[in-house]
There are 2 protein chains.
Amino acid sequence: MIESEFKRRLRERGLRITPQRIFIHRAFNELGRHATAEEVHARVEPWLPNASLPTVYATLELFEEMGIAHRVAAGSATALWDPRPEAHHHLICRSCGAVEDLDVSIDSFAALRAARRRGFRAESSELIVSGLCQRCQTARHGRHASEPR
Amino acid sequence: MIESEFKRRLRERGLRITPQRIFIHRAFNELGRHATAEEVHARVEPWLPNASLPTVYATLELFEEMGIAHRVAAGSATALWDPRPEAHHHLICRSCGAVEDLDVSIDSFAALRAARRRGFRAESSELIVSGLCQRCQTARHGRHASEPR
DNA sequence: CTGGATGCAAACTCTTTGCATGCAT
DNA sequence: ATGCATGCAAAGAGTTTGCATCCAG
């Protein structure tokens with residue numbers, strides 16, 4: 001989402017347009033894919049040296065409410081936010097925790113209908129494929145040391 | 001999985017058959033669905049008052065390696081382990097964090113094939129549908145207080 | 001016996017909260 | 001001027017690690 005549109009939507013909601021929100025939005029867009037709060041924070045730092053991590057968290061939550069960001073269901077790993085508007089899915093390595101995008105389309109119509117029947121208001125759906133990434137397959141016993149989980 | 005089979009598979013791997021492993025396995029099976037480590041631990045307590053939470057964690061991880069349990073990708077919520085062997089999917093309320101099973105079948109063949117093409121060894125796939133559960137839809141602004149996230 | 005498994009306590013990471021200050025409106 | 005948003009610090013939750021002890025094989 002472009003910046004002017006973002007500002008307009010903030011105004012619509014009666015929310016303040018602050019430098020933090022603007023720069024966090026910019027950093028988030030530039031990062032492109034499933035970024036952690038930490039990564040967003042690091043990217044904002046050069047522009048706003050005093051920006052705090054709690055503000056980044058609050059702003060990412062705001063983005064989620066606005067539909068700009070989507071928190072990726074990444075198992076026990078660190079929370080990831082994904083800025084892509086198009087539907088897509090994720091591969092998650094159960095050994096090292098790496099997350100990759102998967103650009104295939106999945107027919108989740110039956111699932112969404114079943115959800116609605118149960119009184120659940122579905123907003124998005126995402127396929128999580130878990131297994132072992134290429135690196136972890138070759139590493140002994142499926143887990144290479146010196147890697148984040 | 002029945003207990004004798006479980007013991008056999010432990011032996012196969014050269015792992016010890018300890019009371020903790022037996023009772024955690026039993027508790028996990030009896031709980032049935034997406035249980036937290038805490039819940040498993042509470043269930044084991046009457047049988048083994050000194051069982052520790054770290055042991056429960058270690059054992060659930062072991063179950064996952066053995067293919068007995070599956071860690072549910074539940075966003076930022078507390079980790080859940082699911083004992084069901086059959087493929088199924090989950091509804092996750094973005095407001096209160098509740099997780100429900102969804103028994104529909106999804107054709108994820110294209111996704112699994114795409115994963116394999118990328119060198120990823122897929123072991124399981126799960127559709128995560130996020131949105132608002134019935135309770136949170138009626139609660140004001142989509143979030144009822146006094147509920148776990 | 002022997003080393004893998006456990007219990008305990010403590011550390012660690014990520015995320016959220018409380019509160020005084022500041023700034024967008 | 002007004003009160004929402006921020007920064008800082010600290011708390012909180014969940015999970016993992018280190019190490020001495022114990023017990024299954």
Side-chain angles (χ1 to χ4, degrees), chain A residues 7-8 10-25 34-42 44-45 47-66 69 71-81 94-97 143 145 147-149, chain B residues 7-8 10-25 34-42 44-45 47-66 69 71-72 74-81 94-97 143 145-149:
Chain A
K7 290 184 184 173
R8 189 180 60 67
L10 284 177
R11 256 182 237 110
E12 257 174 21
R13 296 191 160 220
L15 297 175
R16 293 186 179 168
I17 297 171
T18 63
Q20 287 83 350
R21 285 178 173 164
I22 295 300
F23 284 119
I24 289 170
H25 178 255
H34 45 68
T36 64
E38 204 70 69
E39 287 164 349
V40 174
H41 183 242
V44 168
E45 190 107 67
W47 302 323
L48 288 173
N50 288 330
S52 70
L53 199 47
T55 297
V56 172
Y57 275 102
T59 306
L60 288 171
E61 268 177 39
L62 171 64
F63 288 178
E64 184 157 41
E65 280 174 36
M66 294 172 75
R71 201 179 196 134
V72 177
S76 67
T78 303
L80 296 176
W81 279 267
R94 70 163 161 79
S95 174
C96 70
R143 173 165 302 183
E147 277 301 317
R149 261 191 57 93
Chain B
K7 289 183 185 173
R8 190 180 59 68
L10 284 177
R11 255 183 239 109
E12 257 175 20
R13 296 191 160 220
L15 297 175
R16 293 185 180 170
I17 297 171
T18 64
Q20 287 83 351
R21 284 177 175 164
I22 294 301
F23 284 120
I24 289 169
H25 179 254
H34 45 66
T36 64
E38 203 71 68
E39 286 164 349
V40 174
H41 182 242
V44 169
E45 190 106 67
W47 302 323
L48 288 173
N50 288 329
S52 70
L53 200 47
T55 298
V56 172
Y57 276 102
T59 307
L60 288 171
E61 267 177 39
L62 171 64
F63 289 178
E64 183 156 42
E65 279 175 36
M66 295 172 76
R71 202 181 196 135
V72 177
S76 66
T78 303
L80 296 177
W81 278 267
R94 70 162 161 81
S95 174
C96 70
R143 173 165 300 184
S146 78
E147 278 303 317
R149 263 192 57 95

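In what follows, every chain begins at residue 1, and chains take the letters A, B, ... in the order their sequences are listed.
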For the student: nearest non-hydrogen atoms of A:Leu15 and A:Arg21, plus distance: CB-NH1, 3.7 Å

Nucleotide C:dT13, atom P - distance to CG of A:Leu53 in whole Å: 14 Å

Interatomic spacing from CZ in A:Arg11 to CD1 in A:Ile17 - rounded to 0.5 Å: 4.0 Å

Interatomic distance where CD belongs to B:Glu38 and C1' belongs to D:dA13 [whole Å]: 10 Å

Selection from D:dG14, C:dA9, C:dT15 that lies nearest to any side-chain heavy atom of B:Thr78: D:dG14

B:Arg71 CZ to D:dT15 P, straight-line distance once rounded to whole Å: 7 Å

Spacing of CZ belonging to B:Arg71 relative to CD belonging to B:Glu61, to within rounding of 0.5 Å: 6.0 Å

Euclidean distance, atom CG of residue A:Asn50 to atom P of C:dC23 [Å, nearest integer]: 11 Å

Separation of atom CD in B:Glu65 from atom P in C:dG4, rounded to whole Å: 15 Å

Length of the line joining B:His41:NE2 and D:dA13:P, which is rounded to integer Å: 17 Å

Short side-chain N/O contact from A:Thr55 to OP1 or OP2 of D:dG7, under 4.0 Å: yes

Non-hydrogen side-chain atoms of A:Met66 and A:Leu10 separated by less than 4.5 Å: yes

Nucleic acid footprint by protein, nucleotides 19-25 of chain D - heavy-atom cut-off 4.0 Å, B for base, S for sugar-phosphate alone: ----BBS

Rounded distance in Å - CZ (A:Arg21) to C1' (C:dT25): 13 Å

Sugar-phosphate only, base, or nothing, as touched by B:Ala58 at under 4.0 Å among non-hydrogen atoms: nothing

B:Gln20 vs C:dG7: side-chain N/O to OP1/OP2 distance below 4.0 Å: yes

Interatomic distance where CG belongs to A:Leu60 and P belongs to D:dA5 [whole Å]: 16 Å

Straight-line distance of B:Arg13 CZ to B:Leu62 CG, nearest 0.5 Å: 6.5 Å

Gap between atom CG of B:Asn50 and atom CD of B:Gln20 - 0.5 Å precision: 9.0 Å

Identified side-chain contact (heavy atoms from CB on, under 4.5 Å) partner of B:Thr55 from the options B:Leu60, B:Ile24, B:Val44, B:Thr18: B:Ile24

Residue whose nearest DNA chain D nucleotide is more 5′ - B:Thr36 or A:Ser52: A:Ser52

